[in-house]
Amino acid sequence: MKILTIAPLALLCLLAVALSVHGYAYDFFYFVQQWPGSYCDTSSGCCYPTYGKPPSDFDIHGLWPNYNNGSYPSNCDPNNPFDLSKIQDLVSSLQPNWASLACPSSDSTSFWQHEWEKHGTCSETVLDEHSYFQDALNLKSMTKLLSCLKSANISPNGASYTLTSIKNAISTCIGHVPWIECNKDASGRYQLYQVYICVDHSGTTLIDCPIFPTGACGSSIIFPTF
Ligand SMILES: *[C@@H]1O[C@H](CO)[C@@H](O)[C@H](O)[C@H]1NC(C)=O
C-alpha cells in the first residue's frame, strides 16, 4: 500500500530533477541552409538585400530546435524579443551568410528577428541570442556545403544531379547523412533547395539525425546557378 502511493510521487520528483538538470526543452537542432538560386528561380522570385546580391554560396535559413518525435517547439518566449544591439558585432558576417531573399528588399534584420523569435527563443536556456547567431555562423563554416559538392563534381550550373550523389557528397564531407529539401523552379522541375544537418542540443556538434523531415524530391534534381 505504502509503496504504491509513494512510488508515483518519487517518480514525479525524479522527473522534475531530471528536467531541471537537463535544462532544455528540445532534443536537437536542424541547421538549415538554402541554395539562393533555388529560392530565386521559382515563379514567385526573390529580392536581393538592400546591401547587394549575396555571394554564390549556401545561405543560412535557420537553426531550429526539434524534438526526436519530429515535431518542434516555436515562439517560446515573447519576453525575449530580438535585440539587434546584442549581435552588432556579428552583423557584417550575418549579412552575406544569413541573407534575406524575401521581397521587398530588406537589410535582413527582420529575417534574423523572425528566426530568433520563432526558433531561437526555444533554445534560450542553452544559447542566448548572441551564441545562437554565432553558433549558426560557426556551423556554416564547419559544413562548407558548396565545396563538399564541388569536390564531387556537383556544381550550381543548371545541370541535373542524382539525389543520391548529392547526399553522398555531403555525407562524405561532414560524416553525417543530410536531408535534402526540394522546391520547384518556374517550369515545375525539382531542384536542390535546402540542406538539413543535425546538431546536438549544445548547437556545436554535428550528429546523425534522430529523425528526418519529409517531403517530395525527384531522384534527379537541378542545381541552378546563382
Ligand atoms: C513530441 O515530443 C514533445 C516533447 O517530448 C512533446 O511535447 C510533444 O507533444 C510530442 N509531439 C507529438 C506529436 O508526439
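Whatever order the structure lists them in is the order used to number ligands and atoms, beginning at 1. In this chain, numbering begins with 1 at the start of the sequence shown.
A salt bridge does not link Lys86 to Asp128: none of the charged side-chain nitrogens sits closer than 4.0 Å to a carboxylate oxygen.
In this structure, Lys140 fails the cation-pi test against Phe58, since its NZ or CZ atom is not both closer than 6.0 Å to the six-membered ring centre and inside 45 degrees of the ring normal.
In this structure, atom 2 (O) of ligand 1 is in close contact with the protein, since a protein heavy atom lies within 4.0 Å of it. Inside a 4.0 Å radius of atom 5 (O) of ligand 1 there is not any protein heavy atom.
Less than 4.0 angstrom separates some heavy atom of Ser71 from each of these atoms of ligand 1: 1 (C), 10 (C), 11 (N).
For atom 11 (N) of ligand 1, the closest non-hydrogen atom on the protein side is Asn69 ND2, 3.0 Å.
Within a 6.0 Å sphere centred on CZ of Phe82, heavy atoms belonging to other residues, nucleotides or ligands number more than 12.
Leu206 has its side chain within reach of Thr143: a pair of non-hydrogen atoms, C-beta onward, lies under 4.5 Å apart.
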